[in-house]
Structures are given as structure tokens and as C-alpha cells.
Amino acid sequence: MSSILSQTAALPETSFGPGTVLLREGDLGGPLFVLTEGTVAVLKGDIEVARVSEPGALFGEMSALLDLPVSASVIAVDTVRARVSEDPLPFLRDTPGIALHAARILAARLHSATSYLVDIKAQYQDRSDHFRMVDRVLDAIVEQQPGGARASDPDGDPRL
């Protein structure tokens, strides 16, 4: 992660006290944070889904890349120091190393979620109730492409 920290050295660093909300679920836009020190809790609704303390961790990349509201709240557990980009999309565009880091983080999250859904699908494939719907959920996640193009649609993505 030292590479990530060196690539973000020009960003202003800010300190946040325990309990400070760095990102609030549902807010539009927002900065990109690069954790340099401390621990944050990531909450989806009232459920804590992760605690992160690894220097170089990113927060706010999903809403910036997808132009969607913030998907989870990020709250300082203890004193947190983070580098902050107030205009994350141009920052990601202009720093390919950070964009690749964000892509790897997002790919790892997608891999975990997909693996989990496949496991659920295998466990409940013989059911006829709402668990049977996992097939459609998994297909929607795997096939989803920016702008509504689907991976199987060569006209929607010129790379295919």
C-alpha cells in the first residue's frame, strides 16, 4: 500500500475524530478518501459490514465511478487520518495507479459477492420459494455493464 500512499501524497490530509461521519449512505457525490491512519467502520443501514484500518484503503470510489449516491456510511472508529480528493472522478482519471487500485478493490468485492451468491444458489437450487430467485440476481450482477450495455451485447461495448 505504500505505493498508493506515495501516489496520493499531493492530496490534502485531514484528521477526523472518533464518531465523525466521513461518508453518509444516500448522500449525493462526495469526496474520495485514502486512509492513512486509524480505523473506520463501514455501515449499510444500521449494520456494520466492515472495519477497515489498512493504510491505502479507499472510500467513496463507488459513488464517484458510478455517479450514484454513496452506498454505505463510513464512520471514524478512532482518530482517523485520510487524504481527501474533493473531485474524485478527475483525480481517478488522472492517476491510473489509483484507478487500478480502485478497480482491484471493486473486483475483489464483486468476486466475494458473486461467490457468496453462487453458494446460496447451490444450496437452494431445488427450492421453489423466493430463494430460487438467486439465479436472476446473480445473472443481473454478472451481466451488468455501464450504460446499460450487457456483456453479451457486442453493440453495447466496442471492446467485445
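Along the sequence shown, residues are numbered consecutively beginning with 1. All of these numbers come straight from a predicted model, not from anything done at the bench.
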Please name the pair of heavy atoms, one in [X] and one in [Y], separated by the smallest distance, quoted to 0.1 Å.
X	Y	value
Gly60	Leu32	C-CD1, 4.1 Å
Leu5	Pro55	CD1-CB, 3.9 Å
Val77	Arg51	CG1-NH1, 3.1 Å
Val42	Ala72	CG1-CB, 3.8 Å
Gly30	Pro88	O-CG, 3.4 Å

Using side-chain heavy atoms (C-beta onward) and a distance below 4.5 Å, is [X] in contact with [Y]?
X	Y	answer
Thr36	Arg83	yes
Met62	Leu106	yes
Leu11	Phe91	yes
Leu89	Leu65	yes
Leu22	Phe16	yes
Val40	Phe33	no
Val80	Ser15	no

Counting only heavy atoms not in Asp94, do more than 12 fall under 6.0 Å of its CG?
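Enclosed: over 12 neighbouring heavy atoms sit under 6.0 Å from CG of Asp94.
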Tell me whether Arg109 at atom CZ has more than 12 heavy atoms from other residues, nucleotides or ligands lying less than 6.0 Å away.
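Atom CZ in Arg109 is packed in, count exceeds 12.
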Tell me whether His101 contacts the main-chain N or O of Gly56 through its side chain, where contact means a donor paired with an acceptor under 3.5 Å.
yes
If we ignore hydrogens and angles and just use 3.5 Å, is the side chain of Asp27 paired with the main-chain N or O of Val70 as donor and acceptor?
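No.
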In terms of hydrophobic clustering (I, L, V, M, F, W, Y; side-chain heavy atoms under 4.5 Å; direct or indirect links), are Val52 and Ile47 co-clustered?
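Yes, Val52 connects to Ile47 through the hydrophobic network.
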Can you measure from [atom1] ([X]) to [atom2] ([Y]) and round to the nearest 0.5 angstrom?
X	Y	atom1	atom2	value
Arg104	Leu58	CZ	CG	12.5 Å
Leu110	Ile105	CG	CD1	14.0 Å
Thr114	Asp119	OG1	CG	12.5 Å
Ile4	Ile98	CD1	CD1	4.0 Å
Lys44	Ser73	NZ	OG	9.0 Å
Asp87	Leu92	CG	CG	10.0 Å

Just one of Ser63, Ser71, Pro31 clears the side chain to side chain contact (heavy atoms under 4.5 Å, CB included) bar with Leu23, so which one?
Pro31
